[in-house]
Amino acid sequence: MEISPLRSTQTDLSSLNDRQRDAVVSDKKRLLVLAGAGSGNTKTLLQKLVYLIEEKSVGPSSILAITFTKNAANEMTDRLIMMADRSGAFYQTMSDKNISSAVREQERRSFRKKFKWIENITLRTFHSFCYSVLRNYGVNEFDNKFRIISDEKRMEDDEFSKYVAPETAFEVFHKLLIELCEDSDYLLNLKRYILDYVVDRLHIEKFRKTLSKDGKYFTTLNGIKVRSKSEQYIADWLYRHNLQFEYEPLLNIKDFEFTPDFYIPAANVYLEHVSLRSYAMRDKEEQFEKGKLLLVRTYEPMTKDSALFNHTLDMIIKSRVSKNAYSGKFVTYREEFNNYHEDVKDFVLQAMRITDMIKVENFDLKQISQRASTDQHERVRDFYKLALPLIEKYQEYCINKSYLDFNDMISRTISLFKNHTDILEKFKSKYRYILVDEFQDVNNLQVELIKLLLTGETQLFCVGDDWQSIYGFRGSNVSYIIEFEKHFANSTVIKLDLNYRSTENIVGASNEVIKRNKYKVEKEIRASKKSEHKIVIYAGNDEEDNLKFCTQRYRELLNEGLRPDDILFLYRRSNMYKPYFFQFKNEGLKVQAKTIHAAKGLEAKVVFIIGLTEGYGGFPDIWLEDRIFQVIKKANHDQLLEEERRLFYVAITRAKDKLFLITEKGNESSFLKEIPESFTVKTTTVLPPVVEKALSCENCFSQLDSKLYAFCPYCGFKIPNALADEVSRPWLLVGGLALHQPKLALNQ
């Protein structure tokens with residue numbers, strides 16, 4: 001029997017507010033704590049964990065606490081150790097910024113072992129939990145000596161680092177693609193796809209206007225440009241059959257020069273493809289007759305049926321060339337893609353992304369093949385014809401090599417539980433309490449795993465904030481937290497509505513912004529901190545103005561006693577920060593700077609959000625992804641805009657005391673308009689007036705063309721407030737103008 005820590009009094013819940021306390025002491029079997037930013041969600045989850053052990057006499061080994069990142073898991077472990085370590089030694093060690101991450105991890109492990117009640121809690125990430133299950137119990141499902149394949153060959157996580165595959169996922173995909181290209185048809189079809197949709201981008205109309213002035217938009221397999229898709233097809237057919245050809249050779253038989261479409265030397269035949277746009281053929285035909293040269297014609301309607309078109313070309317050429325000349329072309333990956341390595345890389349990365357999406361959405365390849373084959377666009381159909389054999393080959397390779405990626409670890413654990421109920425029952429009976437942090441980030445696989453572990457007696461305690469769901473592009477599904485009661489029957493929701501982090505102006509502004517979202521849980525977050533500081537919105541005339549403003553404010557904040565760690569610069573995309581990085585480097589300033597996604601969970605006394613402009617590359621930056629990805633998961637503009645707004649909400653709520661929002665005059669982000677003026681103070685670089693105020697004589701009303709006049713040159717009247725009267729230096733009157741006279745000249 002497991003012994004919980006000794007206690008002489010009840011657990012101290014005095015530091016909790018009423019709603020936090022309600023969540024901690026609740027016995028509800030399905031409970032969602034809907035926590036606003038800065039409302040103490042992690043604190044509440046940890047207090048729940050301690051309360052279960054100390055007050056409810058729950059054995060620590062009966063608790064499964066799951067979070068999303070190793071850093072979050074470490075932070076929770078550290079807080080528990082600091083709570084238990086009365087000597088303060090662990091806090092002192094972890095507060096030392098000079099020690100390495102390896103030493104920190106070693107200390108963490110040592111103190112965990114010291115406090116058995118902490119060591120016996122299963123506090124893991126989703127991936128770490130599944131890794132442990134498969135390593136210890138998954139032998140009937142998969143090789144339990146599996147290795148982890150990812151985008152990196154090395155991992156910092158000690159638990160995984162010993163079992164990392166010797167090759168990355170990209171390396172495997174690329175190697176397998178080259179193997180597939182040993183089939184000439186696959187190779188040339190891949191090249192055709194890359195030429196059409198990556199190089200020429202013929203599916204995007206605007207590229208056609210800029211590609212070529214001579215009307216030759218279509219790249220053939222041998223690298224020349226032709227005028228139509230049909231001519232491209234003919235050129236590719238000849239290339240595939242290893243037949244040399246000349247495109248639009250200059251020919252003068254007798255009466256005039258002209259250029260037939262193709263000449264095939266091995267067959268000594270000229271070929272004209274006749275389309276609706278072709279010029280009249282009569283004059284050309286007469287020239288061929290006069291020269292006794294062979295001319296054959298193909299017609300546009302033939303191209304509607306590829307089998308018929310192939311047959312026609314075969315009939316035209318085959319009988320006119322020797323057997324040795326008429327053969328399939330020997331092609332190699334290296335030769336065919338010699339100038340297109342970056343384009344092939346893009347194709348591989350897209351295939352890898354598709355693979356991840358298929359796994360997260362829990363589809364099989366047959367389902368995706370069916371969807372893709374019925375898509376209305378040839379480009380999408382062509383992509384999947386090439387990508388699905390590669391993905392299938394990759395999955396087979398990973399199984400053969402005993403590789404699992406991070407999504408595989410979850411899906412294989414689900415499969416293990418479904419196929420081996422004895423193992424599932426072991427875990428269901430073991431974990432009577434399941435606590436999940438950052439629940440707004442869960443995806444389909446993770447929720448399926450959680451549901452498998454639940455019984456009627458299991459207490460599920462989830463903490464999260466739908467307003468901070470920002471990982472839709474990774475597959476997270478915000479509906480699980482917004483519609484928690486639908487996904488988990490007989491559930492209760494408690495809302496934490498008091499923000500302890502930010503001032504009332506920051507909290508008020510963030511509330512007003514997020515109110516614009518329709519798909520959310522209604523909350524009204526209140527601030528516990530009062531402050532006279534309003535949010536500063538600065539709109540420079542250009543980037544240079546913004547750089548100067550931010551540099552000046554940054555120096556002022558440091559002079560006020562703040563440390564660089566107290567100041568955080570946030571941005572939507574990494575390229576937004578580059579000018580600031582170089583500016584601060586030149587100024588000798590050291591900046592905490594992160595993308596907003598990377599700053600999730602962080603806070604700082606002062607936050608600058610840069611790049612708040614409208615349109616492409618600004619914020620919001622709504623990116624409706626390639627239709628290729630829509631085959632697996634549909635996206636819609638409104639949903640993407642709402643996630644962008646949630647991202648802005650996350651950025652705003654990182655600030656504790658002061659917040660600066662940096663934009664450009666005339667191109668302000670639409671999100672800034674959603675913040676009421678009562679929460680902000682706006683500042684900008686003032687432009688000089690277009691027309692300066694005219695100066696005139698008060699006596700004769702003549703207009704004066706210079707402010708240097710001390711007396712009117714027309715009537716001699718003294719000009720009041722003239723520039724000459726406003727300075728105390730000697731002046732010399734010359735023709736009515738007050739000019740400065742150097743002291744030396746006056747003395748003379």
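Computed from heavy atoms alone, side chains included, the values below leave out hydrogens, waters and symmetry copies.
Qualifying ring-ring contact (aromatic ring centres under 6.0 Å, His included) partners for Phe115, counting only residues two or more places apart in sequence or in other chains: none. Applying the salt bridge (Lys or Arg N to Asp or Glu O under 4.0 Å) rule to Arg353 yields the partners Glu625; only residues at least two apart in sequence or on another chain are considered. Applying the side-chain contact (heavy atoms from CB on, under 4.5 Å) test to Arg432 and every residue at least two apart in sequence or in another chain returns Ser62. By the salt bridge (Lys or Arg N to Asp or Glu O under 4.0 Å) test, Lys495 pairs with no residue at all, sequence neighbours left out. Ser100 meets the side-chain contact (heavy atoms from CB on, under 4.5 Å) test with Ala102, Val103; sequence neighbours excluded. Qualifying side-chain contact (heavy atoms from CB on, under 4.5 Å) partners for Leu452, counting only residues two or more places apart in sequence or in other chains: Ile414, Phe417, Lys418, Leu424. Listed by chain and residue number, Glu674 satisfy the salt bridge (Lys or Arg N to Asp or Glu O under 4.0 Å) test with Arg645 (two or more places apart in sequence, or in another chain). For Glu532, there are no salt bridge (Lys or Arg N to Asp or Glu O under 4.0 Å) partners, not counting sequence neighbours. For Arg501, the side-chain hydrogen bond (donor to acceptor under 3.5 Å, both in side chains) test picks out Glu603, with sequence neighbours left out.
Pairs of residues two or more places apart, or lying in two chains, that qualify as ring pair (Phe, Tyr, Trp, His ring centres under 6.0 Å) and include a residue from residues 461-483 are Trp467-Tyr649, Tyr471-His597, Phe473-His597, Tyr480-His487. Counting only residues at least two apart or in different chains, salt bridge (charged side-chain N to carboxylate O under 4.0 Å, His left out) contacts with residues 133-145 comprise Glu141-Arg412.
Using a cutoff of 4.0 Å between basic side-chain nitrogens and carboxylate oxygens, Glu587 and Arg555 are scored as salt-bridged.
Remark: the Gln459 side chain and the Lys56 side chain contain no N/O donor-acceptor pair separated by less than 3.5 Å. With hydrogens and angles left out, the side-chain atoms of Thr69 and Asn71 include no donor and acceptor closer than 3.5 Å. Defined by atom type and a distance below 3.5 Å, a donor-acceptor pair is missing between the side-chain atoms of Gln446 and Glu448.
Within the 4.5 Å cutoff, side-chain heavy atoms of Lys43 are placed close to those of Arg79.
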Do any side-chain atoms of residues 26-42 form donor-acceptor pairs under 3.5 angstrom with protein atoms, and if so which ones, sequence neighbours left out?
unit_1 : atom_1 : unit_2 : atom_2 : d
Ser26  : OG     : Lys28  : N      : 3.1
Lys29  : NZ     : Glu457 : O      : 3.4
Arg30  : NH1    : Thr458 : O      : 2.6
Arg30  : NH2    : Thr455 : O      : 2.9
Ser39  : OG     : Gly36  : N      : 3.1
Ser39  : OG     : Gly36  : O      : 2.5

